[in-house]
Novice: 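Please find one structure pasted underneath; my questions will follow.
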Amino acid sequence: MAGEIPLLVIVGPTASGKSALAMELARSCGAEILSVDSMQVYQGMDIGTAKPTQRQRREIPHHLLDRVRPDEQFSAARFVEMADRVIEESNARGAKLIATGGTPMYFKALFEGLFEGPSADEALRKRLRAMSGPELHERLKQVDAAAAERIHAADSRRLVRALEVYELTGQPISTLQKQWERQQPARHRAVWIGLRWEREALNRRINARVKEMIEAGWVEELRGLLAEFPVLSKTAREATGYAQLVDHVMGRIGLDEAVEQIKIDTRQLARRQMKWFRRFRNVQWLEGQNEIARNAEDARRMWGLAS
RNA sequence: ACGCCAGUAGCUCAAUUGGCAGAGCAGCCGUCUCCAAAGCGGCAGGUUGGGGGUUCGAUUCCCUCCUGGCGUG
């Protein structure tokens, strides 16, 4: 029966060693890798997103890398659609799949689903965004008091989304979102493992890795990218470090200043990721500082593939 | 050595004619259902360089010492 082997999910903060562990496992189990990452989908953004190298990708098939142009918008919904297709197709072939990456929201959306509602409508959003936070909040209170209660008046992004959903469907987002409350079975069967680190140790790894990325030519890569795509899409631009490096390339800030800020942003990113992943209750944690071989062996056992 | 300027939260800086020492960033906690590497909320943080003086009251005025910067020797 197709789909008999569950997915292996590997979560963990940036720089925790997810990719290395996934590669090791893929090699030893003959599995393929599904990237669950909002930034590695972008073409041409390689160094700063720590994308697996061409060499690694020749060795092990990777899915959902380089699927979007850097001037294109991307979203959780598009990700889920693409990932579902990859999983379905892998199941059909009987291929084992390891899902790993740094975007917690995408894991949640992929396994728990998004509520059935309208997708982003940029024109409508633009119209709504012209209003101030309190105005949006007041307006939402009229049509969806429950949502207005939960969303802070300053959180214009969520206020805009809630109003967008209401205008497009005539239904309050708070009602539609209840779909998620029913304990539905997970959309895909999976074994979840995570890599965790003591915070200070991870910070040191992050600082070192940012430095390595710069030495590996991140700035030059970005210059080339900007030559082809002078304006990155709103979502692509949100990748950690890219805004600072764009400022540097434009001559607005020095490289040292940009690098320091990137280190700070990356540490903050890692913290937010850890907070999310801690809330995924079915994750079995492995210690990041262990030898890869040891973690891989544990992971294989958890996946039910012990030799 | 002399002169001038500065010293306030981890960092960068605010504080009206002397009147309860604030903000941004970093840090910590929380939130998150089609932008999520995003967005949003909260908390903590200070013998105002040290010492003395004037005053009901000094970050603010006076004296002195320390530290840093600039200028002249």
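Chain identifiers are assigned alphabetically (A, B, ...) following the order of the sequence lines, protein sequences preceding nucleic acid strands; residue numbering begins at 1 within each chain. Note: hydrogens, waters and symmetry copies are ignored here, and every other heavy atom, side chains too, is used.
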Novice: Please work out which of the three classes, parallel, tilted or perpendicular, describes the rings of A/Phe107 and A/Trp192, given edges at 30° and 60°.
Specialist: tilted

Novice: Please give the distance between the C1' atoms of B/G27 and B/G45 as a whole number of Å.
Specialist: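 Comparing C1' positions in B/G27 and B/G45 gives a spacing of 9 Å.
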
Novice: Choosing from B/C34, B/G39, B/G41, which nucleotide comes nearest the side chain of A/His152?
Specialist: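 Of B/C34, B/G39, B/G41, B/G41 is nearest to the side chain of A/His152.
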
Novice: Expressed as a whole number of Å, how far does the C1' atom of B/G41 sit from that of B/C4?
Specialist: 47 Å

Novice: To the nearest 0.5 Å, tell me how far A/Ile60 CD1 sits from A/Arg55 CZ.
Specialist: 11.5 Å

Novice: Taking B/C56 as the reference, what is the distance to B/C66 when you measure between their P atoms (whole Å, please)?
Specialist: 32 Å

Novice: Using atom C1' of each nucleotide, how far apart are B/G50 and B/A14 to the nearest Å?
Specialist: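 Here B/G50 and B/A14 have their C1' atoms 24 Å from each other.
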
Novice: Take the protein atom NZ of A/Lys263 and the nucleotide atom C1' of B/A26, then report the distance between them rounded to whole Å.
Specialist: 15 Å

Novice: Are A/Glu88 and A/Arg85 within salt-bridge range, i.e. N to O under 4.0 Å?
Specialist: no

Novice: Under the criterion side chain to side chain donor-acceptor pair (under 3.5 Å), which of A/Arg57, A/Gln43, A/Gln40 is the partner of A/Asp66?
Specialist: A/Arg57

Novice: Looking for any heavy atom pair under 4.0 Å, which part of the strands does A/Glu238 touch: base, sugar-phosphate only, or nothing?
Specialist: base

Novice: B/C34 P sits how many Å from A/Lys108 NZ, rounded?
Specialist: 12 Å

Novice: Taking the C1' atom in each of B/G7 and B/G49, what is the distance between them to the nearest angstrom?
Specialist: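 B/G7 and B/G49 have their C1' atoms separated by 6 Å.
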
Novice: On a whole-Å scale, what distance lies between the C1' atoms belonging to B/A23 and B/G18?
Specialist: 23 Å

Novice: So A/Arg78, base contact, sugar-phosphate only, or nothing? Heavy-atom distance under 4.0 Å.
Specialist: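 Counting heavy atoms under 4.0 Å across all strands, no contact is made by A/Arg78.
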
Novice: Looking only at non-hydrogen atoms, find the nearest pair between A/Glu164 and A/Asp121 and report the distance.
Specialist: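 For A/Glu164 versus A/Asp121, the nearest heavy atoms are OE2-N, 2.7 Å.
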
Novice: Taking 4.0 Å as the cut-off, does a side-chain nitrogen or oxygen of A/Thr103 come that near to OP1 or OP2 on B/A37?
Specialist: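 So the side chain of A/Thr103 is within the cut-off, an N or O lying under 4.0 Å from OP1 or OP2 of B/A37.
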
Novice: Please state how far atom CE in A/Met39 lies from atom P in B/C35, giving the value in whole angstrom units.
Specialist: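 Between P of B/C35 and CE of A/Met39: 12 Å.
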
Novice: Taking only side-chain nitrogens and oxygens of A/Arg150, does any of them come within less than 4.0 Å of OP1 or OP2 of B/U31?
Specialist: no

Novice: With sequence neighbours excluded, give me every salt bridge (charged side-chain N to carboxylate O under 4.0 Å, His left out) pair touching residues 190-202 of chain A.
Specialist: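 Every pair satisfying salt bridge (charged side-chain N to carboxylate O under 4.0 Å, His left out) with a residue in residues 190-202 of chain A: A/Arg196-A/Glu287.
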
Novice: Enumerate, atom names and distances included, each donor-acceptor pair closer than 3.5 Å involving a side-chain atom of residues 97-104 of chain A, sequence neighbours excluded.
Specialist:
unit_1: A/Thr100; atom_1: OG1; unit_2: A/Ile10; atom_2: O; d: 2.9
unit_1: A/Thr103; atom_1: OG1; unit_2: A/Ser38; atom_2: N; d: 2.8
unit_1: A/Thr103; atom_1: OG1; unit_2: A/Ser38; atom_2: OG; d: 3.3

Novice: Side chain of A/Trp276 only, please: which of B/U33, B/C32, B/A26 is the nearest?
Specialist: B/C32

Novice: For nucleotides B/U33 and B/C40, find the distance between their C1' atoms and express it as a whole number of Å.
Specialist: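 16 Å, rounded to whole Å.
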
Novice: Whole angstrom is fine here: how far is it from CG in A/Asp155 over to C1' in B/G42?
Specialist: 14 Å

Novice: Base, sugar-phosphate, or nothing for A/Phe79, non-hydrogen atoms under 4.0 angstrom?
Specialist: nothing

Novice: Send over the distance from A/Leu176 CG to B/C34 C1', rounded to a whole Å.
Specialist: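 It works out to 12 Å between those atoms.
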
Novice: Distance check: side-chain N/O of A/Gln268 vs OP1/OP2 of B/A37, anything under 4.0 Å?
Specialist: no

Novice: Give every residue pair that meets the side chain to side chain donor-acceptor pair (under 3.5 Å) criterion with at least one member in residues 72-82 of chain A, sequence neighbours excluded.
Specialist: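 Applying side chain to side chain donor-acceptor pair (under 3.5 Å) to every pair that reaches into residues 72-82 of chain A, excluding sequence neighbours, yields A/Glu72-A/Arg78.
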
Novice: Just checking A/Gly101: base, sugar-phosphate only, or nothing, at a heavy-atom cut-off of under 4.0 Å?
Specialist: nothing

Novice: Find the distance A/Arg157:CZ to B/G39:P and express it as a whole number of Å.
Specialist: 6 Å

Novice: Contact class for A/Ser233 (heavy atom, under 4.0 Å): base, sugar-phosphate, or nothing?
Specialist: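 Contact class for A/Ser233: none.
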
Novice: Below 3.5 Å is the cut-off: list the nitrogen or oxygen pairs between protein and nucleotides 28-30 of chain B, distance only.
Specialist:
unit_1: B/C28; atom_1: OP1; unit_2: A/Arg199; atom_2: NH1; d: 2.6
unit_1: B/C28; atom_1: OP2; unit_2: A/Arg271; atom_2: NE; d: 3.1
unit_1: B/C28; atom_1: OP2; unit_2: A/Arg271; atom_2: NH1; d: 2.5

Novice: Indicate whether OP1 or OP2 belonging to B/A37 is found under 4.0 Å from a side-chain N or O atom of A/Tyr242.
Specialist: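 For B/A37, OP1/OP2 do not have a side-chain N/O of A/Tyr242 under 4.0 Å.
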
Novice: Between A/Glu89 and A/Arg93, is the closest basic N to carboxylate O distance under 4.0 Å?
Specialist: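 Yes.
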
Novice: Rounded off to whole Å, could you give me the CZ-to-C1' distance for the A/Phe277 and B/A37 pair?
Specialist: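 From A/Phe277 CZ to B/A37 C1': 11 Å.
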
Novice: Counting only side-chain heavy atoms from C-beta out, which of B/A36, B/U33, B/A26 sits nearest to A/Tyr106?
Specialist: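 Nearest to the side-chain atoms of A/Tyr106, counting from C-beta on, is B/A36.
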
Novice: With rounding to whole Å, what would you report as the distance between B/G46 and B/G10 at their C1' atoms?
Specialist: 12 Å

Novice: Indicate whether OP1 or OP2 belonging to B/A26 is found under 4.0 Å from a side-chain N or O atom of A/Arg267.
Specialist: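 Indeed not, no polar side-chain atom of A/Arg267 lies that close.
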
Novice: When you match A/Thr49 and A/Ala154 each to their closest nucleotide on RNA chain B, which lands nearer the 5' end?
Specialist: A/Thr49

Novice: Determine the contact category for A/Gly241: base if any of its heavy atoms lies under 4.0 Å from a base atom, sugar-phosphate if only primed atoms, P, OP1 or OP2 are that close, otherwise nothing.
Specialist: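 Contact class for A/Gly241: none.
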
Novice: Would you call A/Glu212-A/Arg209 a salt bridge at under 4.0 Å N-O?
Specialist: no

Novice: Using atom CZ of A/Phe107 as one end and atom P of B/U33 as the other, report the distance to the nearest whole Å.
Specialist: 18 Å

Novice: Would you mind telling me which residue lines up with the more 5' stretch of RNA chain B, A/Pro118 or A/Asp265, judged by nearest nucleotide?
Specialist: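 Nearer the 5' end of the strand: A/Asp265.
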
Novice: So does A/Arg237 reach the base of B/A37 with its side chain, donor to acceptor, closer than 3.5 Å?
Specialist: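 Such a pair does not exist between side chain and base.
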
Novice: By the salt bridge (charged side-chain N to carboxylate O under 4.0 Å, His left out) test, which pairs, at least two apart or in different chains, include something from residues 8-26 of chain A?
Specialist: A/Glu24-A/Arg27

Novice: Of A/Asp37, A/Thr235, A/Asp71, A/Thr49, which is the lone residue that meets side chain to side chain donor-acceptor pair (under 3.5 Å) with A/Tyr42?
Specialist: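 Single side chain to side chain donor-acceptor pair (under 3.5 Å) partner of A/Tyr42 among A/Asp37, A/Thr235, A/Asp71, A/Thr49: A/Thr235.
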
Novice: Students often get this wrong, so: under 4.0 angstrom with heavy atoms, is A/Asp37 touching a base, only sugar-phosphate, or nothing?
Specialist: base

Novice: Taking only side-chain nitrogens and oxygens of A/Ser38, does any of them come within less than 4.0 Å of OP1 or OP2 of B/A37?
Specialist: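 Result: yes.
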
Novice: Which string of ( ) [ ] | and . matches RNA chain B, if you list each base 5' to 3' and count Watson-Crick or G-U pairs only when both distances are under 3.5 Å?
Specialist: (((((((..((((.....[..)))).(((((.......))))).....(((((..]....)))))))))))).

